[in-house]
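All remarks here apply to the structure that follows.
Values below: all heavy atoms of this structure, side chains included; hydrogens, waters and symmetry mates excluded. On a predicted model such as this, the values are computed, not experimentally measured, just so you know. Every number for a ligand or one of its atoms is a count from 1 in the order of the listing.
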Amino acid sequence: MTNKRRKFLKQSLVASLSMSVGANVVFGKYLPKGIDLLGLKSQLGNQYPEKSKLMSVLNDRPVNMETPAHLLNDALTPNDLFFVRNNGLPPVDINVENWKITISGESAAKTKSYTLQELKSNFENVSYNITLECGGNGRSEFNPPAKGNQWTTGAVGCAKWTGVRLKDVLEDVGIKSNAVYLGYYGADIHLSGDPDKDPISRGVPIRKAMENESLIAWSMNDQNIPVLNGHPLRLIFGGFPASCSGKWLKKIVIRNKVHDGQKMTGSSYRIPCNPVAAGTKVSDEDMCIIEEMPVKSLITSPRTGATIKLNQQLPLAGHAWTSSTKISKVEYSIDFGKTWSECTVSESSNRFAWQNFSAKVAFPQVGYYEVWAKATDSDGNTQPMLLPGWNPKGYLNNACHRIAVKVV
Ligand SMILES: Nc1nc2c(c(=O)[nH]1)N[C@H]1C(S)=C(S)[C@@H](COP(=O)(O)O)O[C@H]1N2
Ligand SMILES: [Mo]
């Protein structure tokens with residue numbers, strides 16, 4: 001290629017870059033090869049009108065997207081920034097007026113159905129701020145790597161959920177004394193298109209179903225739940241893997257044994273009952289269902305890579321959550337965990353709501369630092385600094401979150 005031709009190509013590339021971001025890319029000719037404009041990414045974004053274009057899409061069939069840590073800074077996660085974890089294809093043509101759920105199962109006193117309107121008018125309406133976290137959040141860190149969506153830190157969010165208490169509805173149906181477990185079925189479609197296959201059908205032990213904060217919800221942050229998050233009706237269980245919180249809820253079964261629906265067995269949402277060395281093959285009978293999720297925290301401000309002047313204090317902020325009663329302490333370290341300082345932590349609005357932490361961090365000299373955050377809950381559980389126990393599917397990574405900071 002001649003130099004002239006190369007120059008022409010470069011110029012037309014800059015022109016098309018400028019077109020795509022809607023402004024002249026002033027130093028476009030210096031853009032190194034292989035680097036995309038950040039502005040381009042946010043302009044094109046994803047194809048999901050309900051979701052911010054800044055979400056990071058891991059997969060589009062089924063749809064899976066996580067929220068970059070610095071976009072989770074709000075006290076309550078806005079609907080367009082709430083992560084999406086689908087196992088199948090969301091239902092189309094959702095008819096809210098005719099939406100019904102049916103409760104049945106071996107341990108249900110009878111089979112009973114409710115329209116959405118009946119749920120709203122027959123039972124007390126309640127709201128709770130509840131954190132949902134996918135059991136696989138943080139999977140990308142495990143080694144040997146685990147198959148599945150390579151979630152980094154963003155398969156978590158905390159929203160205000162409004163609905164009815166699941167226990168009020170279950171009691172209205174009648175629960176037999178031999179009830180052990182609850183299972184859900186949603187209206188989503190298996191990737192194969194086979195109507196006889198469920199993308200997922202999980203559930204929780206009865207004791208969890210009967211907690212005050214366990215909901216059948218129709219509203220998220222006082223708006224309709226986005227279709228991708230389960231509109232018009234979903235289950236909400238704080239403190240358990242979010243996979244228990246069935247979306248597009250159609251049916252609940254009260255079981256006289258542990259629910260055996262899709263993704264309740266094998267290595268799905270199960271971990272070795274006893275710790276194993278990384279890479280170990282674990283037999284089915286040595287795997288246990290994940291119930292309570294471990295204590296965890298996330299730094300949401302500043303964004304990793306922040307630069308600060310030596311004479312300034314860095315405002316640090318984030319959230320911490322637990323399946324026990326509440327977070328009692330959040331600490332940060334700037335010396336790779338050698339020493340820790342306490343953050344200010346907000347009160348919990350209710351169980352399973354995440355709590356906000358903040359601190360002003362001073363640095364002793366210019367250079368590269370990492371800020372690590374570590375939460376401790378009211379049961380004294382705390383986060384490991386490095387990866388916790390390896391497991392075949394890479395669940396429950398609650399290692400301390402880290403950000404890089406440069407002091408100049
Ligand atoms: N019907 C149905 N419910 C579902 C799922 C699904 O694919 N179908 N995914 C589950 C999983 S694995 C997670 S982590 C949460 C994610 O909820 P969100 O997409 O609203 O963040 O929904 C759970 N409920
Ligand atoms: Mo999940």
Exercise for the section: Determine the interplanar angle of the F82 and W161 rings, folded into 0 to 90°, and report it as parallel if under 30°, tilted if 30 to 60°, perpendicular if over 60°. Expected result: perpendicular

Fill in the blank from the handout: re atom 21 (O) of ligand 1, the protein heavy-atom contact at minimum distance is F83 O, 2.7 Å

Completion exercise
Contact region, Y269 to ligand 1, non-hydrogen atoms below 4.0 Å, reads side chain

Problem - 4.0 Å heavy-atom contact, R234 with ligand 1 - result: yes

Problem - Derivation and outcome, side-chain hydrogen bond (donor to acceptor under 3.5 Å, both in side chains), residues T300 and N73 - result: CA-CA 5 Å; T300 54; N73 198 43; 2.6 Å; yes

Exercise for the section: Compute the ring centroids of F352 and Y128, then answer whether they are less than 6.0 Å apart. Expected result: no

Exercise for the section: Please state whether Y185 comes within less than 4.0 angstrom of ligand 1, counting heavy atoms only. Expected result: no

Practice task
May I ask you to decide if the ring planes of W354 and W321 are parallel, tilted or perpendicular, using 30° and 60° as cut-offs?
Solution key: tilted

Practice task
Determine whether any heavy atom of N86 lies closer than 4.0 Å to an atom of ligand 1.
Solution key: yes

Exercise for the section: Check ligand 1 against G246 and write out every atom of the ligand that is under 4.0 Å from a heavy-atom position of the residue. Expected result: 3 (N), 24 (N)

Fill in the blank from the handout: Of all protein heavy atoms, the one nearest atom 3 (N) of ligand 1 is K247 N, 2.9 Å

Handout entry: Which of the ligand 1 atoms, numbered from 1, are nearer than 4.0 Å to a heavy atom of D188
Key = 1 (N), 2 (C), 6 (C), 7 (O), 8 (N)

Practice task
Specify the protein heavy atom at minimum distance from atom 11 (C) of ligand 1: its residue, its atom name, and the distance to 0.1 Å.
Solution key: S243 CA, 3.4 Å

Exercise for the section: Write out the residue and atom name of the closest protein heavy atom to atom 7 (O) of ligand 1, then the distance separating them to 0.1 Å. Expected result: N87 N, 2.7 Å

Completion exercise
Note: ligand 1 atoms sitting under 4.0 Å from heavy atoms of F82 are 21 (O)

Exercise for the section: Identify whether the distance between the nearest side-chain nitrogen and carboxylate oxygen of E124 and K167 falls below 4.0 Å. Expected result: no

Handout entry: S245 near ligand 1 by a heavy-atom separation under 4.0 Å
Key = yes

Handout entry: Any donor-acceptor pair under 3.5 Å from T67 side chain to L81 backbone
Key = yes

Practice task
Apply the test side-chain hydrogen bond (donor to acceptor under 3.5 Å, both in side chains) to residues Q383 and S297: give CA-CA distance (whole Å), side-chain angles for both, the deciding distance (0.1 Å), then the verdict.
Solution key: CA-CA 8 Å; Q383 296 181 251; S297 60; 2.6 Å; yes

Practice task
Enumerate the atoms of ligand 1 whose separation from the nearest heavy atom of W248 is less than 4.0 angstrom.
Solution key: 1 (N), 2 (C), 8 (N)

Handout entry: Check: T102 side chain, K251 main-chain N or O, donor-acceptor pair, under 3.5 Å
Key = no

Handout entry: For N229, atoms of ligand 1 separated by under 4.0 Å from a heavy atom
Key = 18 (P), 19 (O), 20 (O), 21 (O)

Fill in the blank from the handout: the protein heavy atom lying closest to atom 23 (C) of ligand 1 turns out to be A242 O, 3.3 Å

Handout entry: Atoms in ligand 1 flagged as close to C134, the criterion being non-hydrogen separation under 4.0 Å
Key = 14 (S)

Problem - Subset of ligand 1 atoms that lie under 4.0 Å from at least one heavy atom of I200 - result: 2 (C), 5 (C), 6 (C), 7 (O), 8 (N)

Handout entry: Ring centre gap for W372 and F336 strictly below 6.0 Å
Key = yes

Problem - Heavy-atom donor-acceptor pair, N125 side chain to G163 backbone, under 3.5 Å - result: no

Exercise for the section: Would you confirm whether E292, through its side chain, and S323, through its main-chain N or O, come within 3.5 Å as a donor-acceptor pair? Expected result: no

